[in-house]
Structures are given as C-alpha cells and as structure tokens.
Amino acid sequence: MRVWIYSRLSNDDDCEMNSLLNQQDICRTFAERQGYRIMGQSSDDNASGMNFSRRGLDELTAVVDAGRLDAVLVKDLSRLGRHRTQTALFIDYLRERGVRVISVTEGLDTASDEDDLVIGVRGLMNDYYAKDIGKKIRSGYRQKQREGIVITPPFGYWKDRNTNTVKLHPEAAETVRMIYSLYLQGFGQKEIARRLNDLGRKTPAQLRAEQCGREVRAAYKTRDNRYLWTYTSIKNVLTEESYTGVLINHRSETQDGKAKRLEQAEWYRHENFFPVIVEPDVWKLAQQRLKEQARPANGNRSKHRYAGLLRCQECGNVFVPMIRYWNGKRRVEYVCKGYHRSGKSYCSSHRIHEETLDAMVWEYLRAVRDSHVKEQKKLVKLQKMWTLRKPFLDAHISILKKKVADLEYELDSLMIEQIRSGRPSN
C-alpha cells in the first residue's frame with residue numbers, strides 16, 4: 001500500500017512528545033512493520049489545527065489529486081486537524097479519492113465503518129481542546145494586557161529582550177520630536193514627510209527591518225528602493241499617545257476572526273510606562289490641530305463618480321479626485337495618490353480630467369449601443385429568413401416522417417414473415 005506521512009506541531013504542543021521528528025519516526029516504524037511503501041512526507045511547524053491553509057496539507061493534497069496514494073499516516077487524528085467540521089470534510093475529500101487515514105497510536109482507520117463513531121468522538125474532543133486552549137490563551141493575554149505588556153513598542157522606542165524593558169531609541173525619538181515641532185509650527189503632514197525624506201531620516205519600516213533582519217510588512221519605497229516617509233506615517237506618529245508615556249492596551253478584540261474596535265472606557269491605560277518623548281501638553285495641541293484640520297467624513301465616492309475606480313499602473317495606488325480652478329472655471333481631475341502624497345521620488349505625475357473620463361465612458365457606451373443595434377438587426381434578418389423557409393421545411397419534415405413510417409411498417413412486415421416461415425433473421 002502506498003502511504004504518505006503527515007505531521008504537525010503547534011505552538012501549544014509538548015515539543016518533546018509531539019516533535020515533528022518523533023511523529024515521523026512513529027509513522028515510519030509502523031509503515032515498515034506493515035510492509036507499506038512510503039511515497040513521501042510533509043509537515044507543518046507552528047501551525048494551528050484549527051486552520052487548514054497549511055503548506056504541508058497543500059503538498060499532501062497535490063499528491064492525492066495525482067492519484068499516487070492509498071493512505072495517509074498520522075500519529076493521531078489531532079495532527080490532521082482540531083477543527084471538527086473541517087477535519088471531517090478533509091477526511092471525506094480523501095475518501096472520495098480512495099485514500100484512507102490511519103491514526104497509528106489510536107489504531108483508527110477511516111476505511112473501517114466500525115471506527116466512524118470513535119473518529120467522530122475524537123473530532124469532538126479535539127475541537128473542544130482547541131477552543132479551550134484558545135480561551136486560556138486569550139485569558140492569559142488579557143491578564144498580561146492588564147498588567148502592561150508590550151510586544152512591539154511604537155516608533156521611537158525599542159524593547160530590550162534581556163531585561164524586558166522598553167527604552168528610548170535616540171535617533172527615532174529625535175525624529176518624533178522633529179515631527180511634532182514642525183507640525184505645531186504650521187507645516188502640513190505632506191510637507192513634513194518631504195522634509196524628513198530630504199534629510200534622510202529613517203522610517204519606522206526601515207528601523208523595523210534593520211532590527212528584525214527582514215521586512216515585516218510591505219513598506220513605501222522610492223523607485224530606487226529607498227524607504228519613504230508618507231502622509232500616513234506622519235499622521236500615525238502625530239496620533240500616537242505612547243509618546244507621552246502612556247501605554248494603552250486592549251483597544252480591540254477579535255471575535256470569529258473579525259476585529260472589533262472597543263470604546264475608550266474598555267481600554268487598559270498604564271500611565272508613566274514609556275520614557276516621555278513628547279510632553280502631554282504638546283501632544284494635546286497636536287490633537288486639537290488635527291481635529292480642526294480634519295475633513296468631513298462623507299467620503300469622496302458620493303461626490304465624485306470615479307473615486308476609487310482608477311488605479312496607477314506604475315505604483316498601484318488609487319487615483320484621488322482633486323478640484324482645480326482654471327480661468328474662473330471649476331473642474332475635477334484625478335491624480336495618482338502615490339505621487340500626490342510622496343512626490344516624484346515615489347511615482348511619476350499621472351492625472352486625468354473628469355471630462356476626459358466622461359468622454360471615454362460615453363464613447364464606450366455608444367460603441368456598445370451600436371454593436372447591440374447591429375446584432376439586433378442580424379437577429380431580425382435571421383428570423384425573417386427562417387419564417388419564409390418554415391413552410392417548405394415543415395413540408396419536407398412531413399415527407400420524411402411519412403418515409404420513416406413506411407420503412408418501419410415494411411421492416412415489421414419482413415420480421416413477421418420470417419417468424420412465420422421459421423427462417424432465422426439476418
């Protein structure tokens with residue numbers, strides 16, 4: 001029997017008892033004793049059993065779809081998955097392709113009808129275990145939030161993993177002070193970003209990449225791959241209250257995979273937690289100015305018909321509508337958001353007038369209309385042609401039907417004659 005060994009290790013498993021190597025050794029020994037032929041193996045490290053989007057499972061399903069397996073060996077069914085419904089669906093998927101699952105340590109085989117009840121009970125137990133572990137983890141994390149936990153400190157700080165304390169990052173802290181100083185002097189967020197880029201100040205993404213040795217998430221960069229300050233990154237610094245020394249935890253909760261923003265009364269505030277970079281009075285002045293300059297949240301989509309529909313082919317940003325006045329006339333044009341906020345170092349100047357878009361849309365609609373009219377005329381012509389030919393075709397069909405009936409009658413007569421004469425029919 002051709003078998004595949006699958007193993008999985010999650011972050012809450014006993015690494016000694018359930019190590020990937022241990023699981024594979026158990027399955028390999030079992031296969032050798034039974035005389036099975038091992039076609040290959042795959043594994044998933046630090047992967048939750050509640051999630052079935054796993055690289056190891058993808059490798060397994062590719063071999064199953066190719067028809068090269070008879071069975072899958074796992075140490076126990078919880079290695080395959082802990083989500084009861086998803087695990088049952090995956091087992092059904094394997095059954096439909098003639099592949100069974102054998103749980104080595106539990107002595108279960110999905111090809112055996114007697115094991116179905118035990119497999120169902122095991123699925124319930126694994127599902128309950130995963131949910132119970134999830135509740136305990138969330139409860140423990142919530143308690144740490146109450147006590148004041150920092151996983152990744154904001155820009156301007158760094159966490160000493162040896163002492164587990166948060167300290168100032170001198171270069172980043174100086175950049176934060178520059179941002180607040182420039183903003184309260186009257187400079188806009190876009191202008192502040194331009195000045196920081198001209199000075200070559202390191203961005204949050206750049207410092208994070210230097211500390212981690214790799215880019216943690218996608219970052220704004222120039223066309224020559226230099227990190228770039230943007231309007232958004234400046235605003236994130238200006239709204240971060242941590243610079244006043246306050247740690248705020250539990251701002252949101254995840255329920256059924258969806259993040260829910262919580263009211264401020266439910267937040268966990270820890271005063272005098274961080275070293276102060278910006279004095280509270282300065283931060284409050286910045287918040288007041290941000291509030292005064294905030295635009296009404298009615299959205300551009302309701303006012304400009306092409307908002308959100310155009311995207312720059314060069315940098316991938318959307319085009320944003322801008323109102324321009326020229327010779328006393330008002331007009332709307334759409335410009336690349338990347339160029340508008342970050343300048344020519346990020347993207348080229350791309351813009352298109354709303355009147356041009358209107359003309360293009362009307363031209364397309366006219367072409368569609370003309371094509372529809374043309375096809376409609378063809379259809380009417382075909383209908384007229386078939387209407388004229390219908391009487392002749394009906395008469396021809398009647399003649400053919402009569403010929404078929406005559407032939408059937410003649411065939412029946414010949415069969416009856418042969419039966420009466422006792423001669424075998426050819």
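- The minimum heavy-atom distance between Gly56 and Asp44, with the atom names listed, is N-OD1, 2.7 Å.
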Practice item. Test side chain to side chain contact (heavy atoms under 4.5 Å, CB included) on Lys202 and Glu210 and set out the steps. Key: CA-CA 10 Å; Lys202 292 183 179 180; Glu210 291 177 358; 3.2 Å; yes
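- Rounding to the nearest 0.5 Å places CE of Met1 at 12.5 Å from CE of Met39.
- The closest donor-acceptor contact from the side chain of Glu240 to the backbone of Ser242 lies under 3.5 Å.
- For Trp4 (side chain) and Leu69 (main-chain N/O), no donor-acceptor pair under 3.5 Å exists by modelled atom type.
- Using bins of under 30°, 30° to 60° and over 60° for the plane-to-plane angle, the ring pair Phe52/Phe90 lands in the tilted bin.
- Under the 3.5 Å distance criterion, with hydrogens and angles disregarded, no donor-acceptor pair is assigned to the side chains of Thr175 and Glu171.
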Check your understanding: Arg366 and Glu363: salt bridge (charged side-chain N to carboxylate O under 4.0 Å, His left out), yes or no, with the steps?
Key -> CA-CA 5 Å; Arg366 281 193 292 268; Glu363 183 180 355; 5.9 Å; no
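- Counting heavy atoms from C-beta on, the side chains of Leu228 and Asn197 come closer than 4.5 Å.
- Between Leu238 and Gln287, the shortest heavy-atom distance links the atoms O-NE2, 2.6 Å.
- The heavy-atom pair separating Gln293 from Tyr183 by the smallest distance is OE1-OH, 3.0 Å.
- One distance of note links OG of Ser19 with CD of Gln24; it measures 8.5 Å at 0.5 Å rounding.
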Practice item. Just do the side chain to side chain contact (heavy atoms under 4.5 Å, CB included) check on Asn236 and Phe155 with the steps written out, would you? Key: CA-CA 10 Å; Asn236 289 339; Phe155 177 73; over 6 Å; no
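- No donor-acceptor pair under 3.5 Å is formed between the side chain of Tyr243 and the backbone N or O of Arg177.
- Taking CD from Gln23 and CG from Asp76, the interatomic distance works out to 7.0 Å, rounded to the nearest 0.5 Å.
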Exercise for review: For side chain to side chain contact (heavy atoms under 4.5 Å, CB included), just list the numbers for Thr387 and Lys390, CA-CA rounded to whole Å, side-chain angles, deciding distance to a tenth of an Å, and then say yes or no.
Suggested key: CA-CA 5 Å; Thr387 301; Lys390 187 175 184 302; 5.7 Å; no
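- At least one donor-acceptor pair closer than 3.5 Å links the side chain of Asp70 to the backbone N or O of Arg2.
- Residues Leu168 and Tyr157 come closest through the heavy atom pair CD2-CE2, 3.6 Å.
- For the pair Val99 and Tyr93, the minimum side-chain heavy-atom distance is 4.5 Å or more.
- Of the possible polar contacts, none joining the Arg55 side chain to the Ser42 backbone as a donor-acceptor pair under 3.5 Å is found.
- Partner Tyr180 forms a side chain to side chain contact (heavy atoms under 4.5 Å, CB included) with one of Val237, Ile192, Ile277, Leu285 and no other, that one being Val237.
- Of all non-hydrogen atoms in Leu80 and Thr87, the two that sit nearest each other are CD2-CG2, 4.3 Å.
- Shown here is Gln313, whose CD atom has no more than 12 heavy atoms of other residues, nucleotides or ligands within 6.0 Å.
- The backbone N or O of Ile26 lies less than 3.5 Å from no partner atom in the side chain of Thr29, so there is not a single donor-acceptor pair.
- At least one side-chain heavy atom of Leu400 sits under 4.5 Å from a side-chain heavy atom of His396.
- Look at Asp281 and Lys284 and you find no salt bridge, because none of the NZ, NE, NH1 or NH2 atoms lies under 4.0 Å from a carboxylate O.
- Side-chain N or O atoms of Arg8 include one that pairs as donor or acceptor with a backbone N or O of Arg79 at under 3.5 Å.
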Exercise for review: Go through the steps to decide whether Arg194 and Asp198 satisfy the test salt bridge (charged side-chain N to carboxylate O under 4.0 Å, His left out), and finish with yes or no.
Suggested key: CA-CA 6 Å; Arg194 187 190 65 78; Asp198 291 342; 2.8 Å; yes
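- Listed for the His169 side chain is a donor-acceptor partner under 3.5 Å among the backbone atoms of Ala172.
- Between Lys75 and Cys27, the shortest heavy-atom contact is N-SG, 3.6 Å.
- His353 NE2: more than 12 foreign heavy atoms inside a 6.0 Å radius.
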Review point. Does the pair Ser371 and Glu375 meet the rule for a side-chain hydrogen bond (donor to acceptor under 3.5 Å, both in side chains), with working shown?
Key: CA-CA 6 Å; Ser371 176; Glu375 294 299 322; 5.0 Å; no
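- Contact annotation: the side chain of Leu310 approaches that of Leu357 to within less than 4.5 Å [non-hydrogen atoms, C-beta and beyond].
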Check your understanding: Going through the checks in order, is the side chain to side chain contact (heavy atoms under 4.5 Å, CB included) test met by Leu247 and Val166?
Key -> CA-CA 11 Å; Leu247 169 64; Val166 177; over 6 Å; no
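- The distance from the OG atom of Ser181 to the CD atom of Glu174 is 9.5 Å, given to the nearest 0.5 Å.
- Ring-plane geometry between His350 and Phe319 is classed as tilted, the angle between the planes lying from 30 to 60 degrees on a 0 to 90 degree scale.
- Here CZ of Arg331 is found 9.0 Å from OG1 of Thr356. Values are rounded to the nearest 0.5 Å.
- The main-chain N or O of Gly186 is found under 3.5 Å from a side-chain atom of Arg289 such that the two form a donor-acceptor pair.
- No more than 12 heavy atoms of other residues, nucleotides or ligands shown are found within 6.0 angstrom of NZ on Lys235.
- Distance check: Arg100 CZ to Arg95 CZ gives 11.0 Å after rounding to the nearest 0.5 Å.
- Side chain of Thr110 to main chain of Val101: a donor-acceptor pair is present (N/O by atom type, distance under 3.5 Å, no hydrogens or angles).
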